[in-house]
Structures are given as structure tokens and as C-alpha cells.
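A quick write-up on the structure given underneath.
The first residue of the sequence shown is numbered 1, and numbering continues consecutively from there.
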Amino acid sequence: MKYQVIKTLRGVCYGVLLLCVVTPSIAAEFSHRAWDNLLQKNVVMIQDGQASRVDYAAMKDDRNILQAYLASLSAVDVMIFDSWSKDQQLALLINAYNAWTIDLILTRYPDLESIKDLGSFFSSPWKKEFISFLGETRSLDNIEHKLIRGSGRYNEPRIHFAVNCASIGCPALLNSAYTAEKLEVQLDLVTQNFLSDRSRNYFSNGELHISSIFKWYKTDFEQGWGGADSLSSFLVAYLDVLGLSGPGPGIVVNGKSAVARLGDGSLGISYTDYDWDLNDVGK
């Protein structure tokens with residue numbers, strides 16, 4: 001009996017000790033410093049941040065650093081991930097998507113013109129299952145559409161201006177890592193930068209022409225983020241960067257301001273073509 005009590009007490013003490021050791025690691029935020037350094041070194045922001053280009057040749061020289069970062073992502077335990085704040089989780093997921101996209105490009109660079117060259121008639125590059133992450137072998141689509149969009153945790157449409165598909169038509173790959181502390185500022189920045197790009201979002205011939213991103217993921221902009229229950233009401237929050245606001249009535253369409261028409265959903269909207277060329281430096 002005495003032996004059993006001692007054994008039980010030892011088990012309790014061991015459990016308490018284990019809890020003390022594990023808890024700080026669960027609470028600690030994952031470090032994205034290595035990824036941040038790679039981005040600052042190898043990503044060039046252009047057009048005042050509206051676009052960016054990646055120096056893939058230089059990134060390939062640093063691939064050992066990139067793959068060490070990817071290995072650290074792969075080592076994140078699901079229970080630890082679930083213990084983090086939503087901002088910590090979302091920053092990790094965005095960085096993971098972008099970093100593995102870069103690594104996918106490097107598997108064939110410089111012998112490709114587009115990320116689409118890495119797919120086939122039967123399977124897109126986004127469906128390749130090559131990513132060991134959060135306890136499963138995943139694809140880029142899995143990270144974006146299941147972990148981010150499909151999880152029900154985040155309701156964050158601005159991720160579409162943060163995750164990067166290695167193409168010129170994509171929103172800019174930011175030259176710094178996303179972090180929980182800066183996430184709100186970073187998401188607002190990349191959204192405004194993208195919407196202010198007149199090669200992809202502009203008013204012409206009585207219509208607002210916007211990126212095909214808004215067609216492909218329209219429902220994401222209608223789920224209540226910022227009170228927006230429609231694509232038009234989401235865009236109303238960005239009138240200035242879209243170039244629709246101004247002194248007086250501004251742009252008028254059939255006797256009614258474009259701003260008012262956007263607000264009531266009567267402004268015509270069309271979608272611009274998407275450029276799938278690789279976002280390599282020099283292009």
C-alpha cells in the first residue's frame with residue numbers, strides 16, 4: 001500500500017513537471033524570422049507596393065535556409081497550433097502557403113514561365129500533395145481552402161491579398177513575414193495596395209473593373225467581415241483607393257454617382273484578366 005501511494009505521488013509530480021515544461025512552449029509564438037529575412041533579401045516591392053517581384057535565382061541560392069524554415073513549419077504540433085490566438089494561427093498559415101509556393105517554384109526554376117507549368121492536364125500545381133504540415137500531407141489548395149477558408153475560424157477575406165500564387169496577376173508578395181502583432185496592419189496594407197493598382201482595378205465605360213479574385217472568391221467578401229454582406233459593400237470600404245471618391249458627385253453614371261451605385265449594388269462590375277506569368281525579377 002505504501003509503495004502504491006509513493007508511485008501515485010511520483011506520477012502526479014511527473015505530470016505537474018511535464019505540464020510546467022510543455023505549457024511555455026505551447027504558449028510561445030512561432031518565430032518567422034528566417035522567412036522574414038529571406039523575403040527582405042529576395043523580394044522587391046514595385047509601384048509603391050502595388051506589386052512585387054521575387055528574385056528566384058537568389059532565393060534558390062538560399063534554398064537551404066528556406067527548407068530549414070519549412071522544416072520548422074512541419075514540426076508545429078496540431079495541439080500547439082490550436083492553443084494559439086487566431087492571429088498567430090493565420091499568420092502561420094499565410095506564411096506557410098507563401099513559403100511552400102516559393103519552394104515549389106524552385107523545384108523547376110529557371111525552366112518554367114508560370115506556376116501552371118508545374119501542373120498537368122489532369123492536376124493543377126495547387127493540388128500537389130507535397131507539404132508535411134499540421135499532421136498531414138497537404139497541398140497548397142488544402143492550406144488555403146481547408147485550413148484558412150474552410151475552417152470557419154477566421155472569416156478574413158483579405159487573405160486573398162496576402163497569399164501569393166507566384167504570378168504577376170497576384171497581389172504582391174509582401175517583403176516581410178506576417179506576424180500576429182502586425183497582422184491587422186499588414187492585411188489592410190496589402191489590400192489597399194492591391195486595390196489602388198489601376199492595371200487590375202479601375203473604372204471605365206460606366207463599370208468598375210476589378211480583379212478576377214473577386215469573381216472566384218465572391219462569397220468570401222459576403223460573409224459579414226466589417227459588416228459587409230455583399231461584394232459591393234466590401235468595396236465601399238475602399239472607395240478612396242479604388243479612385244471612386246472625390247470632391248462633389250465624382251464619377252456619375254446615368255445621373256447617379258458611381259459611389260452611390262456601388263453602395264446600392266447597381267454599379268456594373270466586370271472582371272479583369274489574370275496574368276499567370278511568373279512574378280520573377282525583370283518582368
Side-chain angles (χ1 to χ4, degrees), residues 25-26 28-43 52 54 56 59-60 62-107 109 115 118-119 124-167 170-184 186-187 189-190 213 217 220 279:
S25 66
I26 292 177
E29 184 177 358
F30 183 89
S31 173
H32 299 285
R33 183 174 299 175
W35 177 232
D36 187 75
N37 290 338
L38 285 171
L39 291 169
Q40 290 189 40
K41 179 181 177 183
N42 299 316
V43 175
S52 66
V54 179
Y56 286 104
M59 192 71 83
K60 194 165 187 174
D62 289 334
R63 196 176 181 195
N64 61 323
I65 301 173
L66 172 61
Q67 292 190 324
Y69 173 69
L70 295 177
S72 68
L73 291 173
S74 295
V76 175
D77 181 80
V78 174
M79 289 183 62
I80 292 177
F81 177 83
D82 287 340
S83 76
W84 291 344
S85 70
K86 288 183 179 180
D87 282 355
Q88 287 174 307
Q89 293 174 3
L90 192 52
L92 183 91
L93 294 174
I94 294 171
N95 289 332
Y97 185 97
N98 291 341
W100 262 299
T101 297
I102 294 288
D103 195 58
L104 179 61
I105 294 296
L106 296 181
T107 62
Y109 185 84
I115 188 173
L118 295 168
S124 82
W126 295 281
K127 295 188 182 299
K128 287 179 179 287
E129 294 184 343
F130 69 101
I131 299 166
S132 176
F133 186 48
L134 294 179
E136 295 183 21
T137 300
R138 303 178 185 273
S139 64
L140 292 170
D141 266 359
N142 182 277
I143 294 175
E144 180 178 8
H145 303 311
K146 183 178 179 180
L147 295 181
I148 300 177
R149 298 178 62 237
S151 69
R153 292 183 178 186
Y154 309 112
N155 186 25
E156 180 51 86
R158 295 174 300 174
I159 63 101
H160 294 298
F161 313 113
V163 296
N164 186 271
C165 63
S167 304
C170 290
L173 174 63
L174 193 63
N175 65 342
S176 58
Y178 288 87
T179 64
E181 294 81 6
K182 299 178 181 178
L183 188 62
E184 173 60 31
Q186 289 173 316
L187 289 175
L189 173 66
V190 294
I213 286 172
Y217 302 111
D220 288 8
N279 58 343

Apply the test salt bridge (charged side-chain N to carboxylate O under 4.0 Å, His left out) to residues Glu184 and Arg158: give CA-CA distance (whole Å), side-chain angles for both, the deciding distance (0.1 Å), then the verdict. CA-CA 10 Å; Glu184 173 60 31; Arg158 295 174 300 174; 2.8 Å; yes
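- Between Trp35 and Tyr69, the ring-plane angle classifies as parallel under the 30° and 60° cut-offs.
- A donor-acceptor pair under 3.5 Å links the side-chain atoms of Ser85 to the main chain of Gln88, judged by distance alone.
- Not a single side-chain hydrogen bond (donor to acceptor under 3.5 Å, both in side chains) links Ser151 to another residue, sequence neighbours left out.
- Taking SG from Cys165 and OH from Tyr97, the interatomic distance works out to 6.5 Å, rounded to the nearest 0.5 Å.
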The test is side chain to side chain donor-acceptor pair (under 3.5 Å); show your working for Tyr56 and Asn279 and say whether it passes. CA-CA 9 Å; Tyr56 286 104; Asn279 58 343; 2.5 Å; yes
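- Between the side chain of Asn164 and the backbone N or O of Asn98, no donor-acceptor pair lies under 3.5 Å.
- The main-chain N or O of Tyr178 is found under 3.5 Å from a side-chain atom of Asn95 such that the two form a donor-acceptor pair.
- Checked by atom type and distance alone, the side chain of Ser74 pairs as donor or acceptor with a backbone atom of Ser132 at under 3.5 Å.
- A donor-acceptor pair is defined here as one N or O able to donate and one able to accept, closer than 3.5 Å; such a pair exists between the side chain of Arg138 and the backbone of Phe133.
- Residues passing the side chain to side chain contact (heavy atoms under 4.5 Å, CB included) test with Asp77 are Met79, Ile80, sequence neighbours excluded.
- Of the residues Leu104, Asp141, Thr107, the one that meets the side-chain contact (heavy atoms from CB on, under 4.5 Å) test with Pro125 is Leu104.
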